[in-house]
Amino acid sequence: MNLKTWSRVGIPALLAASALALPVLAQTATPAPDAAAAAAAAPVINKGDTAWMLVSAILVLAMSVPGLALFYGGLVRSKNMLSVLMQVFYSVAIVGIIWVLYGYSLAFTGGNDFFGGFSKAFLKGVTVESAGGTFSVGVAIPELVFVAFQMTFAMITPALIFGAFAERVKFSAVVLFVPLWVTFIYFPMAHMVWYWAGPDAVDAAAKALAAADAGGKAAAQAALDAVLSDAGFLYKMGAIDFAGGTVVHINAGIAALVGCLIVGKRTGYGKEAFQPHSLTLTLVGAGLLWVGWFGFNAGSNLEANGLTALAMMNTFIATCAAALSWMIVEWLAKGKPSMLGVVSGAIAGLVAVTPMAGFAGIMGALISGLVVGVVCFFFCTTVKNAFGYDDSLDVFGVHGVGGIVGAIATGIVVSPALGGTGIYDYTTGAVAEYNMATQVIAQIKAVLFTIVWSGVGSAIVFYIVHAVVGLRATVEKEREGLDITEHGERAYHS
Amino acid sequence: MNLKTWSRVGIPALLAASALALPVLAQTATPAPDAAAAAAAAPVINKGDTAWMLVSAILVLAMSVPGLALFYGGLVRSKNMLSVLMQVFYSVAIVGIIWVLYGYSLAFTGGNDFFGGFSKAFLKGVTVESAGGTFSVGVAIPELVFVAFQMTFAMITPALIFGAFAERVKFSAVVLFVPLWVTFIYFPMAHMVWYWAGPDAVDAAAKALAAADAGGKAAAQAALDAVLSDAGFLYKMGAIDFAGGTVVHINAGIAALVGCLIVGKRTGYGKEAFQPHSLTLTLVGAGLLWVGWFGFNAGSNLEANGLTALAMMNTFIATCAAALSWMIVEWLAKGKPSMLGVVSGAIAGLVAVTPMAGFAGIMGALISGLVVGVVCFFFCTTVKNAFGYDDSLDVFGVHGVGGIVGAIATGIVVSPALGGTGIYDYTTGAVAEYNMATQVIAQIKAVLFTIVWSGVGSAIVFYIVHAVVGLRATVEKEREGLDITEHGERAYHS
Amino acid sequence: MNLKTWSRVGIPALLAASALALPVLAQTATPAPDAAAAAAAAPVINKGDTAWMLVSAILVLAMSVPGLALFYGGLVRSKNMLSVLMQVFYSVAIVGIIWVLYGYSLAFTGGNDFFGGFSKAFLKGVTVESAGGTFSVGVAIPELVFVAFQMTFAMITPALIFGAFAERVKFSAVVLFVPLWVTFIYFPMAHMVWYWAGPDAVDAAAKALAAADAGGKAAAQAALDAVLSDAGFLYKMGAIDFAGGTVVHINAGIAALVGCLIVGKRTGYGKEAFQPHSLTLTLVGAGLLWVGWFGFNAGSNLEANGLTALAMMNTFIATCAAALSWMIVEWLAKGKPSMLGVVSGAIAGLVAVTPMAGFAGIMGALISGLVVGVVCFFFCTTVKNAFGYDDSLDVFGVHGVGGIVGAIATGIVVSPALGGTGIYDYTTGAVAEYNMATQVIAQIKAVLFTIVWSGVGSAIVFYIVHAVVGLRATVEKEREGLDITEHGERAYHS
Amino acid sequence: MKIVMAIIKPFKLEEVRDALTGIGVHGLTVTEVKGYGRQKGHTEIYRGAEYAVSFLPKLKIEVAVPSDQVAKVVEAITASAKTGQIGDGKIFVFQIEHAVRIRTGETDADAL
Amino acid sequence: MKIVMAIIKPFKLEEVRDALTGIGVHGLTVTEVKGYGRQKGHTEIYRGAEYAVSFLPKLKIEVAVPSDQVAKVVEAITASAKTGQIGDGKIFVFQIEHAVRIRTGETDADAL
Amino acid sequence: MKIVMAIIKPFKLEEVRDALTGIGVHGLTVTEVKGYGRQKGHTEIYRGAEYAVSFLPKLKIEVAVPSDQVAKVVEAITASAKTGQIGDGKIFVFQIEHAVRIRTGETDADAL
Ligand SMILES: Nc1ncnc2c1ncn2[C@@H]1O[C@H](COP(=O)(O)OP(=O)(O)O)[C@@H](O)[C@H]1O
Ligand SMILES: Nc1ncnc2c1ncn2[C@@H]1O[C@H](COP(=O)(O)OP(=O)(O)O)[C@@H](O)[C@H]1O
Ligand SMILES: Nc1ncnc2c1ncn2[C@@H]1O[C@H](COP(=O)(O)OP(=O)(O)O)[C@@H](O)[C@H]1O
């Protein structure tokens with residue numbers, strides 16, 4: 001589900017594989033070590049895991065529709081409500097179609113370090129019998145469950161972006177943006193971070209190496225190296241990311257920042273009051289996001305076990321902590337604690353805990369939550385106002401910044417000395433030695449790569465959309481509201 | 001859970017059983033083949049399946065309350081909001097009570113081809129130990145989970161109907177209608193479509209036949225025939241329906257059409273504007289319907305396995321496809337793509353995928369979704385306006401028409417040649433030969449039967465209700481709004 | 001999860017243990033019988049149970065946010081909406097933090113009969129490997145799942161209370177109240193009711209006693225007594241409570257009554273109209289409460305099996321019954337059936353079924369539901385008006401009264417003669433003899449104890465809060481609305 | 001120049017608007033108001049709390065017209081807003097001293 | 001015949017209505033409005049955005065009465081709507097030229 | 001003493017308020033209204049149902065001022081509310097006979 005598996009393969013394996021890592025494109029010629037994988041005993045599917053993952057996929061859908069739709073929708077003026085709901089629903093719908101046509105294949109088949117191939121386009125070969133690996137050796141789930149679960153991640157990510165330039169873009173721009181962005185930014189990112197050969201392949205190759213006699217050592221080592229190199233670029237960089245801090249949150253947060261800079265401010269920004277039309281809806285959305293996020297984070301374990309429960313507890317506690325720390329700092333700084341502040345903090349906590357959900361100890365998650373609540377508060381208020389960009393719904397301030405804080409903090413809280421789980425090494429079948437400096441640097445590198453990838457890539461996509469259909473609605477349409485002008489309907493009547 | 005099991009018994013079995021099928025009432029004298037069933041090894045209950053089915057029942061409840069209540073409620077004027085919410089909640093509550101008193105027994109015990117008996121009235125004999133069969137030989141779930149799951153289907157179906165004549169009927173009419181309709185229309189329909197002897201009984205009888213020596217052949221064949229004939233009328237007709245296209249959607253859609261014709265148009269129809277009072281709520285409702293529908297469709301597999309995941313993926317993709325196809329055709333036809341259009345398309349897709357969820361390949365579901373979005377758009381706009389009936393919330397246009405499209409398309413997309421699963425034959429333990437013409441004809445026959453059954457039966461029930469308490473509120477009450485006049489409260493204050 | 005386990009230990013064990021029960025504090029010196037427990041075979045974790053319990057914890061969160069928040073929020077005037085949402089969200093967040101710091105430890109470690117110790121403070125020693133017992137011998141779940149599940153109970157309980165004095169208390173009072181109340185009232189209560197040695201310990205000790213030879217009999221008996229005495233005060237009193245009728249509902253209901261008496265009436269009470277600002281939101285909240293309550297009640301079985309399904313069915317049917325009985329009695333008494341009445345009845349039914357969920361037969365739940373709907377209607381209308389206290393959202397009338405009705409009725413409907421499950425005796429491994437008088441008296445004693453504990457304790461907490469920060473907002477702030485004055489924001493704009 | 005202000009039943013708006021356009025009046029302003037008068041209200045019950053609601057939803061229509069059209073306008077509104085039932089509403093006529101069209105600065109009769 | 005228009009604090013509505021019925025006035029029309037004046041507003045903060053809100057919720061009451069009752073009506077409203085705090089509101093009196101009851105066509109004083 | 005009533009486009013409120021405070025007018029009352037006039041409305045479509053919506057959201061501003069300030073006030077509103085596009089709105093001026101400040105009982109010019 002994420003970078004963590006790399007982490008479990010461990011630093012030693014990283015060293016072993018590093019020679020292969022560059023030049024990455026050359027490396028794609030390496031034959032996929034299917035034979036080694038096949039040699040392992042067929043992994044077993046447990047219906048408890050399947051039940052949990054079915055539920056998790058549903059929960060992540062609930063995050064988008066109606067969760068995110070309401071969270072964002074409540075924050076805009078009522079004249080633009082439907083445009084927000086529409087953007088979210090459209091993203092979900094179009095990404096679902098693209099996912100089964102070629103998205104899953106691009107993200108989750110072997111290929112090169114940056115993107116997969118088309119071997120599973122149209123979900124070719126993925127049947128009710130297909131099994132997909134988890135993060136435990138010998139444990140599998142139906143591949144179609146994995147397809148569904150991952151699809152829901154792809155669905156919500158582009159929808160997150162639109163919050164940054166809500167209330168002013170043309171729907172046709174959204175229609176064009178989503179397919180381009182997921183195809184060229186998201187799927188590669190998912191591949192780079194989440195694609196790997198799987199625990200059974202690594203385990204089998206490592207065991208084969210251990211069992212090899214002197215003569216077979218070199219071949220077995222080569223086979224193991226091949227298995228280890230059959231993974232995405234960031235995965236091999238050694239960063240860890242339990243449930244998508246980079247792929248989803250930093251990725252969307254940066255695209256959002258770029259987008260709102262390119263699109264420009266809302267007409268009347270700084271002069272007219274842009275009050276949220278229904279904070280009630282925003283609370284409902286935040287509640288559903290939290291509820292659904294357990295599917296996102298705890299579901300990312302792909303199994304129903306004690307580690308899943310840890311990811312769940314961390315997702316609870318970081319959220320509580322960030323909600324409270326935002327509340328307190330706002331109370332101190334502005335004189336009153338607001339409900340919007342509490343739920344904004346909660347979302348910041350959820351974002352930050354995403355990469356660390358299954359790595360941090362609960363106290364680590366708690367402290368990370370406290371920190372991210374304060375940092376995001378600072379970004380959404382002081383920094384944004386200082387720079388004067390109009391990130392309407394604080395996508396960058398919450399998802400971008402929260403994601404970065406979380407990704408880096410993950411490198412710290414994973415430490416077994418701080419109550420974290422440490423990083424499992426599949427080649428030795430044990431938790432690896434942990435070095436905080438190494439890990440934090442790996443995390444920072446992954447963050448920087450993501451910022452550049454998403455920043456540059458998204459800018460290009462925005463300019464293409466601008467050139468083809470135009471990004472912005474006219475000022476008149478903006479004034480009248482996008483609901484009437486773009487969709488021919490209004491959200492509320494008596 | 002549905003007709004599919006028949007399908008799995010297969011065409012050969014159909015032929016074998018066909019002699020028994022008519023005259024159906026005569027056939028009820030056949031002794032239930034309990035002995036054969038008992039001979040089979042006791043099926044095993046897996047807690048993963050149980051967990052999934054518990055969740056599925058919950059999800060289907062969420063479809064009604066708050067899902068459907070909001071989806072419908074958002075579409076009426078605010079003065080009638082509570083009346084809609086009340087109708088849905090009442091349906092759920094009264095059907096729950098009726099279900100445990102006699103509904104479950106009428107639907108899911110042996111009896112004749114059209115309805116069951118009273119042997120499980122008051123859930124007599126259904127204990128925490130009782131096991132109910134699934135669609136896999138040797139796999140069971142606690143019968144009480146099945147009771148709960150099926151109950152939620154019975155709860156939502158009558159509630160669907162009220163959308164067609166919302167904003168004008170008396171609450172007392174609703175109070176009387178629901179018990180009558182579920183008793184005389186729904187339970188028989190559920191029995192006809194979903195009652196059968198179960199996989200273990202069929203499997204055991206088939207194995208006994210295979211093992212029988214020359215002397216025992218005839219007796220064993222008779223025993224197998226008896227098992228196969230212990231099923232509902234439509235079940236034996238050979239149509240397939242994974243999760244209730246006929247029982248729920250066509251049944252409710254036709255009753256809705258009949259109802260809105262009998263009740264008549266809303267006062268002011270065509271003159272005053274009947275704008276939805278909150279499309280936001282409609283979106284929330286649609287989102288919850290989608291989320292809950294995974295319980296409905298994927299839960300209908302009664303297990304948590306790869307086929308469940310297929311049903312889930314189909315439920316995702318058909319919905320996405322229909323949302324987009326409605327959006328596109330509306331954009332072309334009306335000049336603007338509306339949010340209500342997108343969610344209407346999504347619901348149409350959900351309806352259409354219901355009967356095919358576990359039979360279609362994902363590409364089959366995708367194409368079915370694209371088609372149904374366009375067809376339902378056409379019905380809800382052009383056809384309805386042409387005929388001038390006031391199906392307020394398009395229950396017929398979405399559930400009736402979408403259900404019919406889905407039921408017939410199921411006969412096509414189940415084809416293994418088109419990526420479908422084919423139809424399993426429990427007597428041979430393998431997927432049966434598939435003949436598209438045969439299957440599509442069976443589907444059409446089941447659709448026609450349902451239209452007649454629901455159309456005639458519902459009309460009788462409406463006239464009874466009309467005679468006893470009257471269907472329609474007075475014009476003054478309609479003007480003032482049903483919330484005040486029927487329920488003494490208003491939905492919104494400041 | 002609750003008192004039921006005591007019940008399963010049975011009356012004989014109660015007698016055996018009763019000598020130890022008083023004086024309870026003296027008894028805390030008894031060494032915990034860990035050795036005996038350890039002697040038993042390690043219980044097995046089933047992923048189906050884990051999946052279900054993960055889901056249950058999520059569902060209970062959904063009850064608070066957004067469920068309860070909306071149910072309550074819809075009932076207040078719009079100018080106080082955010083204050084209600086804020087109070088609920090704050091409760092959830094702060095209790096989460098306290099729970100992992102010391103709450104879980106105080107509630108669920110051995111100590112004395114009234115509260116546990118600090119041995120698991122900061123969740124020390126609770127790892128992804130830790131297993132927690134269920135109510136079946138030999139069946140465990142990851143302890144972290146239990147920690148999460150129980151946490152969600154602690155989160156929602158204080159939030160329930162605020163409904164009684166909504167629209168008039170200072171947020172700072174809420175901020176102080178919650179930590180004090182959960183620490184001094186809730187955690188002890190949870191310990192008293194829910195803490196016990198677990199099925200495996202009892203079973204092992206009972207088996208050791210059975211196997212002991214003449215010489216070892218006394219020691220084995222002492223060991224068994226020690227195991228049985230390692231439990232909370234109310235647990236040992238012999239009352240049964242499946243999912244928290246006492247700990248959650250009576251506890252919160254009484255605190256609410258005390259609170260609204262101390263805080264006083266809303267300004268304008270009896271003169272101005274305090275109409276609910278959105279019954280739509282109240283319906284949504286009620287729906288989500290119902291949906292989430294399956295996690296609460298059926299999740300309290302800690303496993304996914306037939307008994308879980310029974311708890312689910314009871315939770316369905318009692319709710320339906322109470323919704324209908326409130327509707328009917330209101331229709332008769334007031335002339336019109338209201339939607340608020342129906343959902344109020346539903347919540348009353350949910351409250352009442354909570355203690356009996358896994359004990360009652362379905363007909364017992366149905367009748368209990370019918371009764372509680374009428375009783376709560378009577379309290380929320382006639383009794384409240386007669387006494388003239390301003391329990392704004394009827395927390396006492398629904399949770400307090402409904403909880404009491406349910407707790408006492410549980411003693412009746414558990415009767416095997418009435419279709420109940422009876423009470424399991426872990427020392428004999430069978431359902432114990434049942435005596436209705438004994439059981440009902442035990443139930444009443446537990447109710448009375450809870451009333452006194454919560455009444456006195458909560459009053460003290462309220463007066464402390466009053467002394468430290470003051471309870472009530474000024475009349476001016478109340479007039480203007482707490483949203484603006486306490487939180488600096490408004491729920492709705494155009 | 002006068003302003004005709006009418007309080008009417010909400011569902012009559014379209015008819016009144018049509019009646020006015022029928023006599024050549026193409027501008028008006030509508031406000032949602034609540035009216036108290038002879039028309040009986042209703043009782044709302046929320047659990048134990050009963051409220052007699054005597055303010056009923058009405059619409060206020062304001063039409064500015066040259067003085068010579070006042071009679072015609074009053075008549076048109078009266079005819080189209082009437083149901084004959086209590087609560088049909090009132091019409092009040094005021095004098096306007098001065099009128100301006102913001103867009104053009106035209107004044108008085110030209111401003112309408 | 002005059003119309004008395006009063007801007008009052010919202011929670012005073014019931015008292016004003018009672019005061020008016022107390023002096024025999026049984027009809028009035030209420031509009032939700034926002035007022036700007038000496039009374040200080042408040043600041044709303046939504047994350048980084050702070051808005052000084054100077055428009056406060058008020059109710060506008062319009063009562064048409066025969067000219068001779070105007071003084072009594074003004075007095076009744078003044079007495080019942082007063083809290084003594086800034087923002088209590090204003091009363092304005094206008095001349096009505098003509099009044100009609102839509103239901104009956106009665107005019108002027110009879111129309112009230 | 002007169003009341004100046006203006007119908008303006010909603011997003012112009014802040015500008016108008018600023019213009020008025022600029023000329024020393026510190027009190028006004030605002031009502032949300034819907035206007036019908038020359039400005040074209042739009043069509044809303046809900047599935048099969050199409051509605052031509054000709055009532056557009058406007059704000060009504062009422063400012064009571066001493067008679068000698070009327071011209072200045074009208075000018076300030078005209079200038080600040082103008083976009084030059086159809087639908088900018090109207091200004092109507094009425095005579096007030098009498099004014100009272102509820103809090104103090106001050107009357108007429110003192111009441112403003
Ligand atoms: N004296 C009055 N001043 C202002 N408005 C009034 C007055 N009397 C009645 N109205 C308005 O006219 C509406 C209708 O009046 P009502 O007495 O109910 O019936 P009718 O118009 O048939 O006499 C009221 O709801 C109120 O809005
Ligand atoms: N010049 C004015 N024209 C119209 N309405 C006014 C004017 N001045 C005040 N108001 C209305 O009266 C309300 C109360 O006025 P304000 O100056 O706040 O207090 P006070 O009534 O105590 O003088 C304002 O909110 C506004 O609605
Ligand atoms: N005769 C009228 N009486 C009252 N209000 C009017 C009248 N004519 C126009 N209005 C109001 O003025 C607004 C603007 O008028 P409109 O004709 O659209 O544009 P313009 O102000 O540019 O002439 C309308 O929406 C309506 O609220």
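Here is the naming used below: chain letters follow the sequence lines, and residue numbers restart at 1 for every chain. Bear in mind the structure is a predicted one, so any value in this text is a computation, not a measurement.
Judged purely by atom type and a 3.5 angstrom limit, F/Thr31 has no side-chain atom pairing as donor or acceptor with the backbone of F/Val33. With E/Lys2 contributing its side chain and E/Ile96 its backbone, the two residues share no donor-acceptor pair below 3.5 Å.
The 12-atom threshold is not exceeded at CD of F/Glu32, counting heavy atoms of other residues, nucleotides or ligands nearer than 6.0 Å.
Residues of residues 42-80 of chain F having a heavy atom under 4.5 Å from any heavy atom of chain E, listed by number: F/Lys60, F/Glu62, F/Ala64.
Partners of F/Thr21 by side-chain contact (heavy atoms from CB on, under 4.5 Å), not counting sequence neighbours, listed by chain and number: E/Tyr36, F/Arg17, F/His26.
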Take F/Asp88 and F/Lys9 through the test side-chain contact (heavy atoms from CB on, under 4.5 Å) and record every step on the way to the result.
CA-CA 6 Å; F/Asp88 273 353; F/Lys9 289 191 168 163; 3.5 Å; yes
Pair E/Val93, E/Ile3 - check side-chain contact (heavy atoms from CB on, under 4.5 Å), show working.
CA-CA 6 Å; E/Val93 180; E/Ile3 202 152; over 6 Å; no
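Heavy atoms of E/Gln39 lying under 4.5 Å from chain F are absent altogether. For chain E, the nearby part of F/Gln95 is the backbone; its heavy atoms alone come within less than 4.5 Å.
For the residue pair E/Thr104 and E/Glu106, a side-chain donor N or O sits within less than 3.5 Å of a side-chain acceptor on the partner.
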